[in-house]
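Here's the structure, in C-alpha cells; my notes come after.
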Amino acid sequence: MKHLLKLGDLTGEQIIDILNLADQLKYEQKHGIAHKHLEGQTLGMIFQKSSTRTRVSFETGMYQLGGNALFLSSRDLQIGRGEPVQDTARVLSRYLNGIMIRTFAQQEVDDLAKYGSIPIINGLTDYCHPCQVLADLMTVREHKGSLSGLKMCFIGDGNNVANSLIVGGIKTGMRVAVATPTGFEPNADVMAWAQKSGQFTHTNDALTAAAGADVIFTDVWASMGQEEAAVQRRKAFEGVYQVNDAVMAAANPGCMVQHCLPAHREEEITEKVFEAHAEEIFDEAENRLHAQKAVMVKLMGK
Ligand code: CP
Ligand code: NVA
C-alpha cells in the first residue's frame with residue numbers, strides 16, 4: 001500500500017489490517033503508551049474545502065505519532081493561483097514525508113500520487129471519503145464485534161461518503177442497501193462494481209433499505225461545493241430520505257446510527273434519532289483520529 005486514494009484500491013484484508021492497527025493505537029493512546037512511529041516526519045495537509053474533524057484529527061494524530069503537520073490552505077498556496085499539480089507534487093515531495101489532501105476532483109489526488117514521490121492520503125473528494133469510512137468501519141466493529149454478515153444501510157444522497165461506504169462495507173463482508181432519490185444515485189462505477197458482488201441493493205424507498213439493518217448511515221443532502229443547488233436538492237429529499245423513527249422501526253433491534261458530521265438536524269436525520277445515538281456518532285468522530293493514525297503508520301512508518 002503506497003497511498004490511500006480510494007478504498008477500491010485496497011483489499012478487504014488490508015482494510016481489516018488498518019482497523020486492527022487503529023484499535024491498537026487507540027488502546028495505546030488511552031493507556032498512555034508511547035507510539036511515536038513517525039518521529040521527525042512532516043505531513044502536509046492541503047485543504048481546498050472546509051474541515052473540522054479531518055484537519056484536527058490529522059494534525060493531532062501526527063503530533064501523537066511524534067511528527068508534525070502543516071496546514072496548507074489552497075487559498076495561500078500557489079496551487080490556488082494555478083501552479084500545476086504536477087509541479088506542486090514534485091516540490092512538496094522534496095520537503096514532506098506525506099500529503100493529506102481535501103479537494104474537489106479525484107483526478108487531482110490521483111495526480112499528486114502520480115507525480116509526487118511520497119504517500120498521498122485522500123481527505124475527501126467529490127468522489128469519495130476513504131478516511132471517514134475506515135473510522136466508520138472501526139466504530140461499527142467496536143460496537144458489534146465484527147463486520148462480516150451485518151447489514152449496512154445508507155439513506156440520502158449518493159455522494160462521496162455513500163460511495164466509500166458501499167466499497168468499504170462490501171469489502172469487509174457486509175450487505176449494503178442504499179436508498180436515494182432518482183437522479184442522486186451513487187457513482188455509476190461504484191454501483192456497477194457493487195452489483196457484481198451480489199451483496200448490494202439500491203432502492204428509492206428508505207424503509208425497504210432500512211429493513212433488517214444493523215447500522216444506518218446518512219449524510220447531508222447538499223455536500224460542500226453544492227451549496228447553490230441546496231434548495232432544489234431539499235425538494236428531492238425532504239420528508240422521505242430522512243433517518244427518523246419510522247426508519248429505525250424497520251431496522252433490527254439495537255441498530256446503530258452513524259453520521260460523518262456535520263449533521264443537519266430535521267433534514268437527513270431527526271434531532272431525536274441523532275441524540276438517541278449521539279454516543280455512537282461521537283465515537284465515530286473520535287475514531288477518525290485512530291483510523292488515520294493507522295493509515296499514516298502503514299504508509300509512512302519505517
Ligand atoms: N466528517 C468530516 O470529514 O468532517 P470535516 O468536514 O469536519 O473534516
Ligand atoms: N458529503 C459531505 C461530507 C462532509 C464530511 C461533503 O462532501 O460535504
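One-based numbering, in listed order, for ligands and for the atoms of each. We're numbering straight along the sequence, starting at 1.
Annotation: salt bridge (charged side-chain N to carboxylate O under 4.0 Å, His left out) contacts involving residues 244-270, sequence neighbours excluded, comprise Arg234-Glu267, Asp245-Lys272, Arg265-Glu271, Arg265-Glu275.
Looking at Asp219 and His129, their side chains never bring a donor and an acceptor atom within 3.5 Å of each other. Side chains of Arg288 and Gln132: a donor on one and an acceptor on the other come within 3.5 Å.
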Between the protein and ligand 2, are there any N or O atom pairs that come within less than 3.5 Å of each other, and if so, what are their names and distances?
| residue | atom | partner | partner atom | Å |
| --- | --- | --- | --- | --- |
| ligand 2 | 1 (N) | Asn159 | ND2 | 3.3 |
| ligand 2 | 1 (N) | Asn160 | OD1 | 2.9 |
| ligand 2 | 1 (N) | Asp219 | OD2 | 2.6 |
| ligand 2 | 1 (N) | Ser223 | OG | 2.7 |
| ligand 2 | 7 (O) | Asn160 | ND2 | 2.8 |
| ligand 2 | 7 (O) | Ser223 | OG | 3.4 |
| ligand 2 | 8 (O) | Met224 | N | 2.8 |

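A search for side chain to side chain contact (heavy atoms under 4.5 Å, CB included) contacts involving Gln14 returns Met1, Leu10, Thr11, not counting sequence neighbours.
At least one side-chain heavy atom of Thr270 sits under 4.5 Å from a side-chain heavy atom of Gln242. Annotation: side chain of Lys293 is not in contact with side chain of Lys26 (no heavy-atom distance under 4.5 Å).
Aromatic rings from Tyr241 and Phe184 are positioned such that their centres are separated by 6.0 Å or more.
Figure legend: cation-pi geometry between Arg55 and Phe71, with NZ or CZ positioned under 6.0 Å from the six-membered ring centre and within 45° of its axis.
If you run side chain to side chain contact (heavy atoms under 4.5 Å, CB included) between Ile99 and each of Leu70, Leu112, Ile121, only Leu112 comes through.
Near ligand 1, heavy-atom contacts under 4.0 Å come from Ser51, Thr52, Arg53, Thr54, Arg102, His129, Gln132, Cys260, Leu261, Arg288.
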